[in-house]
Amino acid sequence: MSIRKFLYILPFMILLATFAYYPLYGWVYAFFDYTPPIPLSKSPFVGLKWFHSLVENQVKIDQLLQVIKNTFGMSGLLLLFSWLPMIFAIFLNEIKAVRFRKFVQTVTTLPNFISWVLVYSLAFSMFSSEGIVNGLLKQWGFIDSPVLFLQDSDHVWLTMWMWATWKTLGWSAILYIAAITGIDDSLYEAARVDGATRMQSIRHVTLPSLLPTYFVLLMLQLASFLNNGLEQYFVFQNSFNKDTIQVLDLYVYNLAMGGGSYSVSVAISMLKSLISVVLLFSINGLSKLVRGESIV
């Protein structure tokens, strides 16, 4: 590689090293008995003590199993309906009225730029005991006392999936819309000449053309199966749904910030990262075996 080409990618390598690899230095906290504000250099080295502690206490094991169950449940729902943005993009593309199509695309994309704090404010104004929905249900005589939608722990996985879908559907569809514009028009013309209807064109031309994009995104989603993030669950958590809404990222945050167990939380984060890497390479290998294509 010439020096000129190397200089092209140098800024990106610096960014990657600064924001992706340098933070890995923090993993060292998992091997010390660290308690702020005592410096790490004065903290005792404890080796794998915190890793062992994760499986020594039955209460902690039960807690971790529940958190893993929540993580798998909510990530599983997102994975199960990962085809929704593709279908949405296909039907959006079928709208012939350009202004209406742009309106729908804009309205569905905008929620992606709203913070989870504002999303919760919207949910609170609509579904709290004094919210719009309870007000209407009371007014229409369906209920006598308010329904505690936000405190419900039975359907929290489903409600979290619905909020996440509402927020990201339009944004996630952009990649598929870009892929649709790249489909050769001659394929549609040939389908029309053969007498294909619009639905048959979608089935035999659009869908097969989008499947490679779908599978690449699916592999990336599988690789980050354990990375739910914490913002959404942090703002929606309360005393009533805490057991069913805590995913791994939120659990690690609560351990570190709420319980002061920094070293344990880092140990769990390390394990989570290692499992994610194993998942990525497993899915990559499976894709190469089945489809002959991979992303790594």
Side-chain angles (χ1 to χ4, degrees), residues 23-24 26-36 46 48-82 115-117 119-120 123 148-165 167-168 218 220-283:
L24 295 181
W27 282 9
V28 76
Y29 284 82
F31 303 100
F32 287 82
D33 189 3
Y34 175 69
T35 306
V46 294
L48 298 176
K49 174 187 171 182
W50 301 120
F51 294 92
H52 290 150
S53 73
L54 295 176
V55 292
E56 283 176 351
N57 187 319
Q58 187 57 43
V59 175
K60 191 167 282 186
I61 292 174
D62 293 341
Q63 204 173 32
L64 262 176
L65 286 176
Q66 179 62 45
V67 169
I68 290 171
K69 185 181 169 186
N70 297 340
T71 306
F72 273 67
M74 287 189 243
S75 293
L77 273 177
L78 288 172
L79 200 64
L80 189 64
F81 292 97
S82 58
S115 73
W116 278 111
V117 176
V119 172
Y120 181 75
L148 304 178
F149 293 107
L150 298 176
Q151 287 90 335
D152 181 23
S153 62
D154 294 333
H155 308 100
V156 69
W157 295 0
L158 186 63
T159 52
M160 289 300 100
W161 168 77
M162 289 171 73
W163 282 113
T165 301
K167 194 172 186 298
T168 60
L218 186 65
L220 292 175
Q221 197 171 346
L222 276 168
S224 58
F225 191 75
L226 300 179
N227 298 321
N228 303 79
L230 67 89
E231 297 94 341
Q232 176 186 3
Y233 310 103
F234 180 77
V235 295
F236 276 92
Q237 74 170 345
N238 53 55
S239 305
F240 302 95
N241 64 15
K242 192 173 181 180
D243 288 340
T244 49
I245 203 173
Q246 267 201 131
V247 291
L248 269 171
D249 288 325
L250 181 59
Y251 181 65
V252 167
Y253 176 83
N254 286 337
L255 265 182
M257 298 299 148
S261 306
Y262 292 91
S263 299
V264 180
S265 61
V266 175
I268 296 174
S269 294
M270 277 183 69
L271 291 175
K272 194 191 79 169
S273 300
L274 291 174
I275 293 171
S276 295
V277 170
V278 171
L279 273 175
L280 172 64
F281 280 98
S282 303
I283 299 300

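Quick note: residue numbers are just sequence positions, from 1.
Atom CG of L148 is separated from atom CG of N241 by 11.5 Å, given to the nearest 0.5 angstrom. Between the CZ atom of F51 and the CG atom of L48 there is a distance of 6.5 Å, given to the nearest 0.5 Å. Distance CE/M74 to CZ/F72: 13.0 Å, rounded to 0.5 Å. Remark: S82 OG to L222 CG distance equals 8.0 Å, nearest 0.5 Å. Atoms CZ and CG, on F225 and L78 in that order, are 9.0 Å from each other to the nearest 0.5 Å.
When all heavy atoms of S263 and F32 are compared, the pair lying nearest together is OG-O, 2.7 Å. Annotation for V119 and W163: closest pair CG1-CE3, 3.8 Å, computed over non-hydrogen atoms. Taking both residues in full, the closest heavy atoms of S115 and K167 are given as C-CE, 4.4 Å, listed atom of the first, atom of the second, then distance. The two residues A30 and M270 have their closest heavy-atom pair at CB-SD, 3.8 Å. Residue M160 comes nearest to Q232 through the heavy atom pair O-NE2, 2.8 Å, listed as atom of the first residue, atom of the second, then distance.
With sequence neighbours left out, the side chain to side chain donor-acceptor pair (under 3.5 Å) criterion links W116 to no other residue. Remark: T71 engages V67, S75, L226, N228, V247, L248 in a side chain to side chain contact (heavy atoms under 4.5 Å, CB included) (not counting sequence neighbours). For N57, the side chain to side chain donor-acceptor pair (under 3.5 Å) criterion is met by no residue, not counting sequence neighbours. Among residues two or more places apart in sequence or in another chain, the ring pair (Phe, Tyr, Trp, His ring centres under 6.0 Å) test is passed with F240 by none. Remark: H155 engages D152 in a side chain to side chain donor-acceptor pair (under 3.5 Å) (not counting sequence neighbours). Checked against side chain to side chain donor-acceptor pair (under 3.5 Å), S261 has no partners two or more places apart in sequence or in another chain.
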Carefully, step by step, assess I61 and L64 under the rule side chain to side chain contact (heavy atoms under 4.5 Å, CB included). CA-CA 5 Å; I61 292 174; L64 262 176; 5.8 Å; no
L79 vs Q221, test: side chain to side chain contact (heavy atoms under 4.5 Å, CB included). Steps then yes/no. CA-CA 7 Å; L79 200 64; Q221 197 171 346; 4.0 Å; yes
Tell me, with the steps shown, if N70 and I245 meet side chain to side chain contact (heavy atoms under 4.5 Å, CB included). CA-CA 7 Å; N70 297 340; I245 203 173; over 6 Å; no
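Judged as a salt bridge (charged side-chain N to carboxylate O under 4.0 Å, His left out), not a single pair has a partner in residues 255-271 (not counting sequence neighbours). Screening residues 250-269 for salt bridge (charged side-chain N to carboxylate O under 4.0 Å, His left out) gives no qualifying pairs among residues at least two apart or on separate chains. Sorted by first then second residue, the salt bridge (charged side-chain N to carboxylate O under 4.0 Å, His left out) pairs that include residues 222-245, not counting sequence neighbours, number zero. Residue pairs meeting the salt bridge (charged side-chain N to carboxylate O under 4.0 Å, His left out) criterion with at least one member in residues 62-72: none, sequence neighbours excluded.
Residues L271 and L54 meet the side-chain proximity criterion, which asks for heavy atoms closer than 4.5 Å. Residues F31 and K49 fail the side-chain proximity criterion, which asks for heavy atoms closer than 4.5 Å.
Of the possible donor and acceptor atoms, one in the side chain of N238 sits under 3.5 Å from a partner among the backbone N and O of L150. Proximity of a side-chain donor or acceptor of W157 to a complementary backbone N or O of T244 within less than 3.5 Å is detected. D249 places a side-chain N or O within donor-acceptor distance of the main-chain N or O of G229, the cut-off being under 3.5 Å.
In the model, W161 has a side-chain atom that pairs as donor or acceptor with a side-chain atom of T165 under 3.5 Å.
Annotation: F234, atom CZ; neighbour count of heavy atoms from other residues, nucleotides and ligands within 6.0 Å does not exceed 12.
Between Y34 and Y29, the ring center distance clears the sub-6.0 Å criterion.
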Using atom types as modelled, flag every donor-acceptor pair under 3.5 Å from a side chain in residues 251-258 to any protein atom, sequence neighbours excluded.
from : atom 1 : to   : atom 2 : distance (Å)
Y251 : OH     : Q63  : OE1    : 3.2
N254 : ND2    : Q246 : OE1    : 2.8
N254 : ND2    : L250 : O      : 3.4

Acceptor/donor pairs from residues 273-283 side chains to any protein atom, 3.5 angstrom cut, sequence neighbours excluded:
from : atom 1 : to   : atom 2 : distance (Å)
S273 : OG     : S269 : O      : 3.0
S276 : OG     : K272 : O      : 3.0
S282 : OG     : V278 : O      : 2.7

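Aromatic ring pairs are classed by plane angle as parallel below 30°, tilted from 30° to 60° and perpendicular above 60°; the pair Y120 and F236 is perpendicular.
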